[in-house]
A.B. asks: 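Pasting a structure here, questions to come.
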Number of protein chains: 2
Amino acid sequence: MGTSTVRSGEQIDRQSRILEAAMDLLSRHGISGVNMRAVAREAGVALGLVNYYYEDKSCLIRAALHRIDEHDLMLVEPDPDSAPDEQLRKSLRRVAGAELLTTRYLSLRLHLWALAQASEDFAQINAEAFERYLAGLATLIGNANPELSRDECRERAADIVVVQNGMWLTALLGVDKASIQRNIAHTEDIAFAPSRKKERGLGESKES
Amino acid sequence: MGTSTVRSGEQIDRQSRILEAAMDLLSRHGISGVNMRAVAREAGVALGLVNYYYEDKSCLIRAALHRIDEHDLMLVEPDPDSAPDEQLRKSLRRVAGAELLTTRYLSLRLHLWALAQASEDFAQINAEAFERYLAGLATLIGNANPELSRDECRERAADIVVVQNGMWLTALLGVDKASIQRNIAHTEDIAFAPSRKKERGLGESKES
DNA sequence: TTTACTCTTGAACGTTTGTTCAAGATGGAC
DNA sequence: GTCCATCTTGAACAAACGTTCAAGAGTAAA
């Protein structure tokens with residue numbers, strides 16, 4: 001697999017081009033726009049080659065979804081070169097960064113969510129990625145706030161993810177950037193709040 | 001149009017059944033699952049009848065999207081029977097209500113967003129509905145907080161919508177209900193905060 | 001050169017899709 | 001009954017789709 005016949009390096013290997021083309025079509029035209037012929041055309045290869053590298057359409061889409069998930073997880077990857085609270089702050093701010101807030105990426109994220117609703121197969125990919133993102137974020141929070149319990153970290157991570165998902169989604173709908181910035185600030189407030197374990201009652205009773 | 005041949009009332013008119021079937025398929029299997037034959041089967045009518053009531057597939061889907069948008073707008077409709085701040089509070093809490101947080105509705109919302117990304121036509125429907133929802137929410141906020149300026153109301157509405165969209169989306173992914181409740185509380189905090197127009201510097205200079 | 005293997009092509013097949021349409025069914029007005 | 005407009009059916013068509021496959025191109029080792 002690894003030793004593909006890369007002639008001179010100037011031409012990326014076809015398999016990557018095919019996957020890239022599929023993701024491009026998915027972000028621009030949705031799942032209806034992703035058909036084998038369009039993918040082949042976009043990648044500049046023959047129709048048969050798509051089925052050569054990806055057994056069927058479902059495999060191709062699954063590969064695309066895994067790529068998006070890898071992208072997501074990089075956001076909460078520990079960075080040994082920074083202090084714990086700087087790592088967390090950087091991670092929280094990165095979700096509104098220029099490289100993340102592109103229409104292409106946001107659209108891909110959205111279509112992945114939609115596909116997860118349509119097919120049990122894709123739902124599992126999505127659920128696993130969601131869980132890993134949550135766990136990664138909780139770890140960053142725990143590193144920056146050593147006094148917090150594991151449950152408190154996960155609780156905060158869950159609250160932050162809600163706001164982040166809202167930002168990603170609403171950014172696509174064209175909400176103003178100032179609102180994004182205010183919500184980023186709110187995620188930081190949640191992340192760095194002093195540990196006040198359930199001291200401020202907010203209506204509902206809840207288990208530990 | 002209006003006087004359809006409703007035999008005895010026991011049978012809903014076919015046009016509604018067709019639209020309902022299309023929305024059901026959209027929520028369960030995504031846009032790929034919505035084809036004219038499946039819609040006809042689900043609605044219990046012949047294939048040709050779908051094209052009789054809806055000129056083409058695009059019209060059918062557009063009708064479905066309009067239905068979802070009507071549903072959304074009811075959330076921020078003024079209720080003359082309640083006091084202004086009670087109206088606002090009710091509206092904010094309704095987004096986590098049992099009738100709203102169903103998989104069917106959330107899934108439909110999600111697929112609408114995804115379709116809006118795929119087609120300019122659907123994007124416009126979505127953008128208009130988003131704008132009307134934002135305006136409706138801003139009005140509720142203004143009624144409950146007469147001291148706020150119009151811009152401040154819209155600002156708060158935008159911030160709340162981000163969190164609400166996040167809740168809707170994350171509810172589909174299966175985040176725990178407690179997190180939803182905490183985020184509902186946060187939308188209320190935003191809505192009812194005292195007017196402190198830009199007093200607290202936001203953005204870069206924040207450090208604690 | 002020959003051999004062997006991987007990569008690449010596009011025609012071809014069978015299926016599914018959106019749409020059209022002639023034909024029939026239905027119900028009220030006359 | 002006849003007439004007329006509306007509603008309903010399913011066969012039929014053309015286009016688009018996913019997939020298969022025999023054939024070829026390319027490269028490295030013999």
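Computed from a predicted structure; not experimentally measured. Every chain is numbered from 1, with letters handed out A, B, ... down the list of sequences.
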A.B. asks: Under 3.5 Å, which donor-acceptor pairs link side chains of residues 55-65 of chain A to any protein atom two or more places apart or in another chain?
C.D. replies:
residue : atom : partner  : partner atom : Å
A:Asp56 : OD1  : A:Ser58  : N            : 3.4
A:Asp56 : OD1  : A:Cys59  : N            : 3.0
A:Lys57 : NZ   : A:Val34  : O            : 3.0
A:Ser58 : OG   : A:Arg62  : NH2          : 2.6
A:Arg62 : NE   : A:Asp121 : OD2          : 3.2
A:Arg62 : NH2  : A:Asp121 : OD2          : 3.4

A.B. asks: Among residues 26-35 of chain B, which ones have heavy-atom contacts with DNA chain C below 4.0 Å?
C.D. replies: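 Nucleic-acid contacts, sorted: B:Val34, B:Asn35.
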
A.B. asks: Closer to the 5' end of DNA chain C via nearest nucleotide, is it B:Lys57 or A:Val45?
C.D. replies: A:Val45

A.B. asks: Has A:Arg156 got a side-chain atom pairing as donor or acceptor with A:Ala193's backbone, closer than 3.5 angstrom?
C.D. replies: yes

A.B. asks: Could you tell me whether the phosphate oxygens of D:dC7, OP1 or OP2, come under 4.0 Å of any side-chain nitrogen or oxygen in B:Tyr52?
C.D. replies: yes

A.B. asks: Are the side chain of B:Ser107 and the backbone N or O of B:Arg104 linked by a donor-acceptor pair below 3.5 Å?
C.D. replies: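 No: the side chain of B:Ser107 does not pair with the backbone of B:Arg104.
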
A.B. asks: Is the phosphate of D:dT9, meaning OP1 or OP2, less than 4.0 Å from a side-chain N or O of B:Arg14?
C.D. replies: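 Answer is yes, contact under 4.0 Å.
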
A.B. asks: Give the rounded distance in Å between these two atoms: OH of B:Tyr53 and C1' of C:dG18.
C.D. replies: 20 Å

A.B. asks: Which of the following nucleotides, C:dT19, C:dA12, C:dG10, is nearest to the side chain of A:Ala46?
C.D. replies: C:dG10

A.B. asks: For the pair made of CG in B:Asn51 and P in D:dT9, what is the distance, rounded to whole Å?
C.D. replies: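 Nearest whole value for this atom pair: 13 Å.
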
A.B. asks: Using atom CD of A:Gln15 as one end and atom P of C:dT8 as the other, report the distance to the nearest whole Å.
C.D. replies: 10 Å

A.B. asks: Of the nucleotides D:dT20, D:dG18, C:dT19, which has the atom closest to the B:Leu47 side chain?
C.D. replies: C:dT19

A.B. asks: Without decimals, in angstroms, what is the distance between B:Met36 CE and D:dT9 P?
C.D. replies: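 About 14 Å, once rounded to whole Å.
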
A.B. asks: Should the ring pair A:His71 and A:Tyr105 be called parallel, tilted or perpendicular, given that the plane angle runs from 0 to 90° and is split at 30 and 60?
C.D. replies: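 If you compare the ring of A:His71 with that of A:Tyr105, the planes turn out perpendicular.
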
A.B. asks: Does B:Asn126 use its side chain to pair, donor to acceptor, with the backbone of B:Phe122 at less than 3.5 Å?
C.D. replies: no

A.B. asks: Do B:Leu106 and B:Arg109 come within less than 4.5 Å of each other through their side chains, counting heavy atoms only?
C.D. replies: no

A.B. asks: On the ring face of B:Phe192, is B:Arg89 found with NZ or CZ under 6.0 Å from the centre and within 45° of the axis?
C.D. replies: yes

A.B. asks: Heavy-atom nearest nucleotide on DNA chain D for A:Glu55 versus A:Arg41: which residue maps closer to 5'?
C.D. replies: A:Arg41

A.B. asks: Under 4.0 Å from OP1 or OP2 of D:dG18: is there any side-chain N or O of A:Tyr54 that close?
C.D. replies: no

A.B. asks: Between C1' on C:dA11 and CZ on A:Arg37, what's the gap in Å once rounded to a whole number?
C.D. replies: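 It is 11 Å, rounded to the nearest whole Å.
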
A.B. asks: Among C:dT19, C:dT9, C:dG10, which is the nearest nucleotide to the side chain of B:Asp56?
C.D. replies: C:dT19

A.B. asks: Nearest whole angstrom, please: distance from the P of D:dT8 to the CD1 of B:Ile18.
C.D. replies: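 In whole Å, D:dT8 P lies 8 Å from B:Ile18 CD1.
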
